[in-house]
Asks: 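Structure provided below as structure tokens; questions to follow.
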Number of protein chains: 2
Amino acid sequence: MTREHQSNPADVLGDLIKHFETSPEGGIDTASCPVRDVLDRIGDKWSVLILTLLAREPKRFSALNRVVGDISKRMLTQTLRSLQRDGLVERTVYPTTPPMVDYRLTDLGRSALEPLAGLIVWADRSHDQIRQAREAFDHKGEDMPLVS
Amino acid sequence: MTREHQSNPADVLGDLIKHFETSPEGGIDTASCPVRDVLDRIGDKWSVLILTLLAREPKRFSALNRVVGDISKRMLTQTLRSLQRDGLVERTVYPTTPPMVDYRLTDLGRSALEPLAGLIVWADRSHDQIRQAREAFDHKGEDMPLVS
DNA sequence: CGGGATCCAGGCTGATACTG
DNA sequence: CAGTATCAGCCTGGATCCCG
């Protein structure tokens with residue numbers, strides 16, 4: 001078994017999964033699974049995008065609002081709050097008039113960039129294949145021979 | 001600038017973001033962003049878990065249902081369908097009675113394991129810090145001095 | 001400027017029951 | 001066994017108005 005970098009992704013995941021099989025019947029207890037917890041966060045509509053936008057430098061609330069465009073202030077606030085709550089983003093208020101607030105990544109937030117970048121690069125690269133697969137799937141209803 | 005492996009995650013993300021800034025006013029057009037597209041998929045409640053469970057070997061519908069435990073057949077079917085539609089998972093029907101169906105990762109699906117594993121490992125490792133940050137945040141309502 | 005509060009529509013999701 | 005169908009609740013997220 002030649003391991004490329006460190007180990008096979010399938011094995012890494014397999015081990016982690018085992019680690020989560022803590023419920024009585026051997027099932028996976030959603031509540032006690034840290035991964036679900038984190039995934040739910042990155043799964044929300046905006047978190048990853050915000051994190052990504054803050055990757056290079058701090059940004060002000062209105063700047064984020066402007067760049068994203070189709071996010072409401074409500075959701076921007078909410079997203080930033082939960083990121084702040086999770087310790088990924090730091091909020092700084094400058095007591096000027098009118099008030100100025102900026103957001104920057106914490107060390108923890110920055111540490112998320114690497115795995116996130118991996119995923120995003122994968123998404124970017126696989127996008128075409130996925131689109132093709134979707135079209136193929138949608139095109140024919142369900143008439144392919146699955147097994148002879 | 002010493003680049004560790006290949007380049008700084010912040011730079012990778014920065015470049016990708018630029019790539020998505022295709023809307024007229026310089027904002028990010030959600031619709032044309034492949035990353036949002038993919039992230040929405042992995043963001044759903046079960047996809048990543050299913051992908052992870054299929055990492056090692058194919059599994060039958062009922063096996064998946066049993067392992068996950070708290071997923072309804074409805075959602076399992078739906079999740080598997082969308083994964084199949086995206087070309088990440090392959091469905092095989094054996095025309096026996098009663099019918100038997102199994103699911104396995106495609107090459108594309110397997111290619112997703114690596115970035116996914118990165119993210120999951122990060123989630124697993126950061127879980128404690130995040131929990132602590134949350135408690136700290138929740139504990140005190142909002143009385144920390146932000147800037148003198 | 002940077003939010004908080006409220007109202008409301010829509011989609012996601014689970015529970016249940018039925019089918020081939 | 002492997003789904004499909006239907007119904008109902010919840011939560012997300014947008015729109016709007018208001019405040020410091």
Side-chain angles (χ1 to χ4, degrees), chain A residues 27-31 36-37 39-50 53-54 58-85 89-104 141-142 146-147, chain B residues 27-28 30-31 36-37 39-50 53-54 58-85 89-104 137 141-144 146-147:
Chain A
I28 295 184
D29 185 9
T30 301
R36 284 242 56 83
D37 191 37
L39 250 34
D40 283 352
R41 181 139 321 291
I42 80 132
D44 72 14
K45 203 172 178 182
W46 304 109
S47 290
V48 174
L49 183 55
I50 300 299
L53 289 172
L54 293 178
K59 281 195 169 61
R60 297 181 51 183
F61 184 89
S62 47
L64 289 169
N65 204 125
R66 199 175 321 113
V67 174
V68 180
D70 60 342
I71 191 174
S72 63
K73 284 192 297 183
R74 181 188 191 280
M75 286 317 299
L76 182 53
T77 301
Q78 188 171 309
T79 303
L80 287 167
R81 274 293 175 281
S82 70
L83 290 175
Q84 184 191 0
R85 188 173 102 100
V89 157
E90 187 181 26
R91 188 181 109 119
T92 312
V93 179
Y94 304 94
T96 59
T97 50
M100 189 167 92
V101 178
D102 72 16
Y103 296 86
R104 70 194 65 214
E142 186 65 41
L146 296 168
V147 151
Chain B
I28 294 185
T30 302
R36 285 240 57 82
D37 192 36
L39 251 35
D40 283 351
R41 182 139 321 291
I42 78 133
D44 71 16
K45 202 171 177 183
W46 304 108
S47 290
V48 173
L49 182 57
I50 300 299
L53 289 171
L54 294 178
K59 281 194 169 61
R60 296 180 51 183
F61 184 89
S62 46
L64 289 169
N65 204 124
R66 199 175 322 112
V67 174
V68 181
D70 60 340
I71 191 175
S72 62
K73 285 191 296 184
R74 183 189 190 284
M75 286 316 300
L76 180 54
T77 300
Q78 187 171 309
T79 302
L80 287 167
R81 275 291 177 284
S82 70
L83 291 174
Q84 184 191 2
R85 188 172 101 100
V89 157
E90 188 181 27
R91 187 181 110 119
T92 312
V93 179
Y94 304 94
T96 59
T97 49
M100 189 167 91
V101 178
D102 73 13
Y103 296 86
R104 70 194 65 214
F137 185 88
E142 186 67 42
D143 48 35
M144 57 181 177
L146 296 166
V147 150

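Every chain is numbered from 1, with letters handed out A, B, ... down the list of sequences.
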Asks: Please compare A:D44 and A:P98 by the position of their nearest nucleotide in DNA chain D and report the one closer to 5'.
Replies: A:D44

Asks: Roughly how many Å is it from CE in A:M75 to C1' in D:dA15, rounded to a whole number?
Replies: 13 Å

Asks: State, with a plain yes or no, whether a side-chain heavy atom of B:T92 is found less than 4.5 Å away from one of B:R104.
Replies: yes

Asks: Tell me which of A:Q78 and A:P99 sits closer to the 5' end of DNA chain C, going by the nucleotide each one is nearest to.
Replies: A:P99

Asks: How close or far is atom P of D:dA2 from atom CD1 of B:I71, stated in whole angstroms?
Replies: 14 Å

Asks: It should be established whether B:S62 places a side-chain nitrogen or oxygen under 4.0 Å from OP1 or OP2 of nucleotide D:dA2.
Replies: yes

Asks: Nearest-Å distance, CG (A:L49) to C1' (D:dG13)?
Replies: 15 Å

Asks: When rounded to the nearest 0.5 angstrom, what distance separates CZ in B:F61 from CG in B:L76?
Replies: 4.0 Å

Asks: Measure from the side-chain heavy atoms of B:R60 and tell me the nearest of D:dC1, C:dT13, D:dG14.
Replies: D:dC1

Asks: A:T77 side chain: which of D:dG13, C:dG14, C:dG3 is closest?
Replies: C:dG3

Asks: When you measure from the side chain of B:K45, which nucleotide among C:dC1, C:dG14, D:dG3 comes out closest?
Replies: C:dG14

Asks: From the list D:dG14, C:dG3, D:dC7, which nucleotide is the closest neighbour of the side chain of B:R74?
Replies: D:dC7

Asks: Can you tell if the side chain of B:L83 reaches within under 4.5 Å of the side chain of B:L54, non-hydrogen atoms only?
Replies: no

Asks: Measure NZ/B:K73 against P/C:dG20 and give the value in whole Å, please.
Replies: 15 Å

Asks: Send over the distance from B:M100 CE to D:dA2 P, rounded to a whole Å.
Replies: 8 Å

Asks: Under 3.5 Å, is there a donor on one side chain and an acceptor on the other for A:S62 and A:N65?
Replies: no

Asks: Rounding to a whole Å, what distance do you find between B:R81:CZ and C:dT13:P?
Replies: 17 Å

Asks: In whole Å, what is the span from the CG atom of B:L76 to the P atom of C:dA15?
Replies: 14 Å

Asks: Quick one: does A:K59's side chain have a donor or acceptor within less than 3.5 Å of a partner on A:L53's backbone?
Replies: yes

Asks: In whole Å, what is the span from the NZ atom of B:K59 to the P atom of D:dC1?
Replies: 17 Å

